[in-house]
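Have a look at the structure below, then the notes.
Numbered from 1 within each chain, the chains take letters A, B, ... in sequence-line order. Everything numeric here is computed off the predicted structure, so don't read it as measured data.
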Number of protein chains: 2
Amino acid sequence: MTTLTDDVFAALASPARRELLRLLLDGPRTVNDLASHFDMRRPSVSEHLKILRDAGLVSERKVGRERHYQLEAEPLMELQEWLHPYERFWRARAKALRDVLEEM
Amino acid sequence: MTTLTDDVFAALASPARRELLRLLLDGPRTVNDLASHFDMRRPSVSEHLKILRDAGLVSERKVGRERHYQLEAEPLMELQEWLHPYERFWRARAKALRDVLEEM
DNA sequence: AGATTAGGTAGGGGATCGCCTACCTGTCAA
DNA sequence: TTGACAGGTAGGCGATCCCCTACCTAATCT
């Protein structure tokens with residue numbers, strides 16, 4: 001049980017890293033498999049994966065000479081918790097919109 | 001109605017900017033008021049506010065010679081929607097934990 | 001054993017970030 | 001009207017980011 005850190009927000013700031021997470025929604029993948037979806041070289045993908053790993057967003061498992069990367073959703077769960085205090089703001093907004101529509 | 005953009009993730013990547021959002025949970029504040037909570041100079045706070053404004057996370061209202069900054073939660077709502085596809089991952093994790101505990 | 005493949009690491013270079021000081025405009029108060 | 005105050009903008013500078021190529025180890029295949 002950790003707490004949401006700067007690493008997670010920093011990791012999510014890169015479009016390439018968010019795309020990596022999206023690809024991992026379908027299940028574990030190797031580095032080459034992941035890299036094939038990008039216009040960048042494999043070492044750059046490796047570096048992005050390291051940043052995701054350090055943020056706890058992915059884990060790796062060695063399988064022969066491959067590394068299988070897997071999504072770890074816990075930091076994203078903590079991100080959802082981070083959002084909670086802000087919920088009432090968009091709920092208030094939604095309510096105001098409903099009220100306007102009801103008067104039409 | 002916009003869509004979640006890189007700007008939002010980039011804006012949230014800075015601890016100072018997340019702290020600004022947190023301060024705005026209590027309601028609108030002026031730049032000087034906000035700046036008083038930081039170890040940085042006011043122009044730097046202004047720059048952070050510009051980034052938050054460009055990301056749609058805050059809005060400003062001119063009141064005399066002051067600018068009142070206000071939280072705009074819509075991009076955060078879109079962030080919550082972005083999280084949805086990942087939810088099943090931490091739910092699966094929670095379920096596995098429950099199953100283990102039930103066997104104890 | 002030697003060649004090939006998966007993938008991490010080192011080091012470099014250009015772009016961007018985050019802070020600063022200096023300066024500017026617009027508003028209020030004496 | 002003149003001085004003080006709120007706050008945005010310009011420009012600079014060091015740190016970090018993101019990509020690259022070159023290189024290395026470990027595992028597999030022939």
Near DNA chain C, which residues from residues 23-33 of chain A have a heavy atom under 4.0 Å away?
A:Thr30, A:Val31, A:Asn32
How many Å lie between CG on A:Leu49 and P on D:dC17, as a whole number?
17 Å
Rounding to 0.5 Å, atoms OG (A:Ser36) and CG (A:Leu23) come to a distance of 8.0 Å
Roughly, in whole Å, what's the span from CZ in A:Arg65 to P in C:dA6?
6 Å
Scan nucleotides 12-25 of chain C nucleotide by nucleotide, 5' to 3', and note B when protein non-hydrogen atoms come under 4.0 Å of the base, S if they reach only the sugar-phosphate, - if neither.
------SBBBB---
Nearest-Å distance, NZ (A:Lys62) to P (D:dT25)?
14 Å
Salt-bridge contact A:Lys50-A:Glu47 (side-chain N to carboxylate O under 4.0 Å)
no
D:dG7 P sits how many Å from B:Glu60 CD, rounded?
10 Å
Using a heavy-atom cut-off of under 4.0 Å over every strand shown, decide if B:Phe38 touches base, sugar-phosphate, or nothing.
nothing
Is any side-chain nitrogen or oxygen of A:Tyr69 closer than 4.0 Å to OP1 or OP2 of C:dA6?
no
Separation of D:dG8 atom C1' from B:Asp54 atom CG, nearest Å, is 13 Å
Give the rounded distance in Å between these two atoms: NZ of A:Lys50 and P of D:dT16.
16 Å
Treating B:Arg61 as the side-chain partner and B:Tyr69 as the backbone partner, does any N or O pair qualify as donor plus acceptor under 3.5 Å?
no
